Amino acid sequence: MMRRRRKSGLDEVASWPWQMGILAGIVAFLLIRYGIGAWLSTTGGPLLGPVGQQIGGITAPFAWIVMLACWLAAAVSWGNARKRRSLHDTRSDLDSLADISWREFEMLVGESFRRQGYEVLETGLGGKDGGIDLVVSKGGRRQLVQCKQWKRRQVGVATVREMWGLVDHHVADAVHIVSLGDFTADAARFAAGKPIHLITGRELLDRIRAAQTAAGAAPAAEPRAVPAPASQPSTPAEDAPFCPACAGAMRRRHNGRTREPFWGCARYPHCKGTMPASF
């Protein structure tokens with residue numbers, strides 16, 4: 001099994017929310033340019049001699065380089081966040097979960113946890129702990145996540161035992177194992193009664209669909225009176241009732257969202273009185 005490469009400092013910044021990357025760049029610039037640089041150029045000069053002054057003089061371009069590097073990492077973070085949302089919102093069936101790379105599958109699972117209110121750290125610790133793909137937190141509980149995009153294999157008890165052993169090692173409260181396929185009966189028996197959550201591809205898809213539905217359900221809008229077009233007669237209809245708000249005449253109108261008819265005050269927008277109508 002190929003080990004994942006060790007994370008660099010910029011990889012770490014790219015794993016943060018992009019706003020934090022922008023802020024980190026600004027803080028690093030100020031610290032290097034007006035903190036370390038100023039000290040080397042003034043106080044450090046007498047102590048270190050000309051060398052200190054020379055080093056202080058080159059901190060300005062270095063500060064710009066560090067800030068721009070952090071901002072580049074923030075741009076990567078923003079792009080990854082956008083990709084995660086796209087992956088999540090375009091999944092429709094199990095085939096769509098299988099037709100993505102293993103890395104995209106991890107991003108998708110992470111986004112699913114985010115939609116459930118978890119804070120998600122995309123990790124990948126490498127070596128013997130390489131099975132930990134995500135660390136999620138909610139309500140003060142720290143939980144480990146392993147993703148298995150196995151299309152034709154069931155996750156066995158050995159994998160579940162291994163992840164259970166990492167819970168104490170990493171001082172976690174629970175573990176989630178997400179598989180595109182299913183789990184063996186032995187794996188399910190071992191997980192029973194423990195804070196081990198076995199999530200099948202079907203269950204993952206149900207979570208994704210529920211989040212998609214929740215995001216797509218727009219709140220009901222209040223009826224909005226729409227002024228009549230200029231081509232409409234300016235006089236109220238002969239059978240128009242009186243406005244319940246100002247006792248003035250009313251006009252036939254339609255709700256701008258549902259197109260349902262209603263009576264609206266002829267003095268709109270000065271008076272917003274309405275009454276139901278059927279015509």
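Remember, predicted model here, so these are calculated numbers, not experimental data. Heavy atoms only: backbone and side chains are in, while hydrogens, waters and symmetry mates are out.
- A donor-acceptor contact shorter than 3.5 Å links the side chain of Lys138 to the backbone of Gln116.
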side-chain contact (heavy atoms from CB on, under 4.5 Å) for Ile196 and Met163? Distances and angles first, verdict last. CA-CA 9 Å; Ile196 302 175; Met163 289 302 298; over 6 Å; no
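- Salt bridge annotation for Glu122-Arg103: present, with a cationic side-chain nitrogen under 4.0 angstrom from a carboxylate oxygen.
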Given Phe183 and Val157, is the side-chain contact (heavy atoms from CB on, under 4.5 Å) satisfied, shown in steps? CA-CA 8 Å; Phe183 298 84; Val157 68; over 6 Å; no
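- A donor-acceptor pair under 3.5 Å is formed between the side chain of Gln149 and the backbone N or O of Leu97.
- Between the CD atom in Glu111 and the NZ atom in Lys83 there is a gap of 13.0 Å [rounded to 0.5 Å].
- Checking side-chain atoms of Asp133 against main-chain N and O of Glu106 turns up no donor-acceptor pair under 3.5 Å.
- Put simply, the side chain of Gln212 reaches to within 4.5 Å of the side chain of His88, judged on heavy atoms.
- Looking only at distances, a side-chain donor or acceptor of Ser96 sits under 3.5 Å from a matching main-chain atom of Ser92.
- Inter-residue side-chain proximity for Thr184 and Val155 is flagged as unmet; no heavy-atom pair is nearer than 4.5 Å.
- Note: the hydrophobic cluster containing Val76 does not contain Met20 (ILVMFWY, side chain heavy atoms under 4.5 Å, direct or indirect links).
- Across all their heavy atoms, Gly140 and Asp173 have their closest contact at O-OD2, 4.1 Å.
- The residues Arg115 and Asp89 are annotated as salt-bridged, a charged nitrogen and a carboxylate oxygen being separated by less than 4.0 angstrom.
- Pairing each heavy atom of Ile26 with each of Met67, the nearest pair is N-CG, 4.2 Å.
- Minimum interatomic distance between Leu180 and Phe105 (heavy atoms only, all atoms of both residues): N-CZ, 4.3 Å.
- Taking CG of Leu108 as the start and CG of Leu205 as the end, the distance is 9.5 Å to the nearest 0.5 Å.
- Of the possible polar contacts, none joining the Arg142 side chain to the Ser137 backbone as a donor-acceptor pair under 3.5 Å is found.
- Of all heavy-atom pairs spanning Gly25 and Cys70, the tightest one is CA-CB, 3.5 Å.
- Closest heavy-atom contact between Leu144 and Ala172: CG-CB, 3.8 Å.
- With rounding to the nearest 0.5 Å, the separation of CH2 in Trp150 from CG in Asp182 is 12.5 Å.
- Under the 4.5 Å side-chain contact rule for hydrophobic residues, Val66 and Val27 do not share a cluster.
- When the shell of 6.0 Å around CD of Glu119 is examined, it contains 12 or fewer heavy atoms from other residues, nucleotides or ligands.
- The closest side-chain donor-acceptor pair between Glu203 and Thr200 falls under 3.5 angstrom.
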I'd like to know whether Val178 forms a side-chain contact (heavy atoms from CB on, under 4.5 Å) with Val145, so could you lay out the CA-CA distance, the side-chain angles of the two residues, the decisive distance to 0.1 Å, and finally the verdict. CA-CA 7 Å; Val178 185; Val145 181; 4.2 Å; yes
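- To the nearest 0.5 Å, atoms OG (Ser77) and CD1 (Ile22) are separated by 9.5 Å.
- Between Ala187 and Leu198, the shortest heavy-atom distance links the atoms O-CD1, 3.9 Å.
- No path of Ile, Leu, Val, Met, Phe, Trp and Tyr side chains, each step under 4.5 Å between heavy atoms, connects Leu23 with Trp71, placing them in separate hydrophobic clusters.
- A distance-only check finds a donor-acceptor pair linking the side chain of Thr90 to the backbone of Ser86 [under 3.5 Å].
- The hydrophobic clustering, which links ILVMFWY residues whose side-chain heavy atoms are closer than 4.5 Å, places Leu94 and Leu87 together.
- No side-chain heavy atom of Leu68 sits under 4.5 Å from any side-chain heavy atom of Leu72.
- The distance from atom CG of Leu134 to atom CZ of Arg114, rounded to the nearest 0.5 Å, is 8.0 Å.
- Taking CD1 from Ile199 and CG from Asp206, the interatomic distance works out to 11.5 Å, rounded to the nearest 0.5 Å.
- For the pairing with Gln146, the side chain to side chain contact (heavy atoms under 4.5 Å, CB included) check across Val160, Ile177, Val175 returns one residue only, Ile177.
- Using a 30° and 60° split on the angle between ring planes, His176 and Tyr118 fall in the perpendicular class, above 60°.
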